[in-house]
Amino acid sequence: MPSPIEKRLIAALSSQSLSLRGCFTPVAADGLPTLANGEPAASVWMVGVIGSAFWPHFKSSAFYTDGQPDPLDRWSRAIAEELAARFGGLALFPFDGPPYHPFQRWADRSDVTQPSRMLLRIHPEHGLWHAYRFALALPVMLDGAEANAPQAITPPRKATLPTPATDLCATCSGQPCLQACPVGAYTGAAFLIEACASHLHSAQGTDCMQGGCLARRACPVAPELRYTQEHAAFHMQAFAGQH
Ligand code: B12
Ligand code: SF4
Ligand code: SF4
């Protein structure tokens, strides 16, 4: 049963085609900055996308067509900062850095994601087809109570999540992601960025550039959520443009 704050956030996010990807009660090791009033955050809410469901909504925004750089990051920032102001908290972004906020560690604190052989986090239902757009660090606890209210109860969020039964990659037959890259950029333990980037900039890289990473596309988990061609090409162009 979602808490009142969870319901309000879900409603606000769904109007932007974004998903609430989980939440957690931060501890010092999570490395959260303090809020504007100098107090620590009482809860962190992870926001992201699953598949390409958000794509038409983002594409219809002014950010997509204004010709300025980083339209998706600017779209995310506009939404997050409005929500942070509305809820009295702080918006944190995966792309601000280096140093970067540890979004993948935060993901593991708030959802049933696991490290995959591609190093990206894999989710039992969403596979590799999900990403984070921002996090909201709020002064209210997970159940919506004020952080300093004596009666406030913080449910141990992880305890309410289903336990991932298996290591998805360890039980994956043939681990096709490790075979599919034409230049072997995924070794299972590392991502060889130079090998990937030089392939993308060559004539042979057209398939990856236009349809998305072949290794990621080879993953059998959640094939129905694979990014659309246009969405995948958008990310590949952004990646290739920086490397
Ligand atoms: C720098 C960066 C890169 C670099 C280097 C990535 C790396 N693995 O070192 C490059 C340019 C290569 C890159 C490429 C891509 N990235 Co990138 N990247 C980031 C970024 C901005 C910072 C990572 C970081 O240094 N964090 C700081 C450390 C302290 O945080 P952390 O949570 O502890 O993360 C580290 C550990 O979790 C560790 N790790 C991850 N998995 C595993 C597994 C094991 C076994 C171990 C030991 C460690 C480990 O690696 C992380 C980096 O060191 C993150 C966003 C973010 N803020 O996290 C996105 C992020 C990781 N990237 C993402 C994506 C999608 C990609 C690409 C597919 C390109 C794209 N945009 O479509 C490729 C895939 C490459 C790959 N296999 O990693 C997503 C992953 C989503 C997911 N499903 O997990 C993120 C979270 C961005 C987002 N908005 O959601 N990326
Ligand atoms: S984008 Fe293409 S070259 Fe780069 S890792 Fe994926 S399959 Fe390999
Ligand atoms: S193809 Fe198999 S090994 Fe690779 S990420 Fe997907 S589940 Fe994991």
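Whatever order the structure lists ligands and atoms in, that order sets their numbers, starting from 1. Computed from a prediction, not measured in an experiment: that's the story for all the values here. Keep in mind that the numbers below use all heavy atoms, side chains included, and drop hydrogens, waters and symmetry copies.
- Atom 55 (C) of ligand 1 has its nearest heavy-atom neighbour, among A185, A189, P94, in P94.
- Every atom of ligand 3 with a heavy atom of P176 under 4.0 Å away is listed here by number and element: 1 (S).
- Residue F239 places no N or O, backbone or side chain, under 3.5 Å from any N or O of ligand 1.
- Among protein heavy atoms, atom 8 (Fe) of ligand 3 sits closest to C169 SG, 2.3 Å.
- Near C208, meaning under 4.0 Å from one of its heavy atoms, ligand 2 places the atoms 1 (S), 2 (Fe), 7 (S).
- In this structure, P220 counts as a contact residue of ligand 3, since one of its heavy atoms falls inside 4.0 Å of the ligand.
- The residue from A218, A170, C172 that puts a heavy atom closest to atom 2 (Fe) of ligand 3 is C172.
- Atom 68 (C) of ligand 1 has its closest protein heavy atom at R216 NH1, 3.8 Å.
- Note on H199: not counted as a metal contact of atom 2 (Fe) of ligand 2, no N/O/S atom lying under 2.8 Å.
- The shortest N or O to N or O distance between H235 and ligand 1 is not below 3.5 Å.
- Close contacts between ligand 2 and M236 involve ligand atoms 1 (S) [criterion: under 4.0 Å to a heavy atom].
- Contact atoms of ligand 2 toward C181: 3 (S), 5 (S), 7 (S), 8 (Fe) (distance under 4.0 Å to a heavy atom of the residue).
- Of the heavy atoms in C213, both backbone and side-chain atoms come closer than 4.0 Å to ligand 2.
- Between T228 and E230, the side chains place no donor N or O within less than 3.5 Å of an acceptor N or O (distance only, hydrogens not considered).
- Closest to atom 4 (Fe) of ligand 2, if we only count protein heavy atoms, is C196 SG, 2.4 Å.
- Contact annotation: for P102 versus ligand 1, heavy atoms closer than 4.0 Å belong to both the backbone and the side chain.
- Polar contact with ligand 1: absent for Y100 (N/O pair, distance under 3.5 Å).
- For ligand 1, the polar-atom distance check finds an N/O of M118 within less than 3.5 Å of one of the ligand's N/O atoms.
- Within the 4.0 angstrom cut-off, atom 41 (N) of ligand 1 has one or more protein heavy-atom neighbours.
- The nearest protein atom to atom 7 (S) of ligand 2, hydrogens excluded, is given as L214 N, 3.4 Å; this is a heavy-atom distance.
- Close N/O approach between A131 and ligand 1 is not found [any backbone or side-chain N/O within under 3.5 Å].
- Of the protein's non-hydrogen atoms, Y186 CE1, 3.3 Å is the one closest to atom 5 (S) of ligand 2.
- Where the criterion is an N or O separation shorter than 3.5 Å, residue side chain and backbone included, F95 fails it with respect to ligand 1.
- Looking at atom 86 (C) of ligand 1, its nearest protein heavy atom turns out to be Q104 CG, 3.9 Å.
- In the vicinity of I193, heavy-atom distances shorter than 4.0 Å reach the ligand 1 atoms 11 (C), 12 (C).
- Residues D108 and T113 have side chains that bring a donor and an acceptor to within less than 3.5 angstrom of each other.
- Remark: ligand 1 and R105 share an N or O pair separated by less than 3.5 Å (distance only, no angle test).
- Of all the heavy atoms of H243, the ones lying under 4.0 Å from any atom of ligand 1 belong exclusively to the side chain.
- Contact annotation for F191 and ligand 1: only side-chain heavy atoms (C-beta onward) come within less than 4.0 Å of the ligand.
- At a cut-off of 2.8 Å, C219 is counted among the residues with an N, O or S atom near atom 6 (Fe) of ligand 3.
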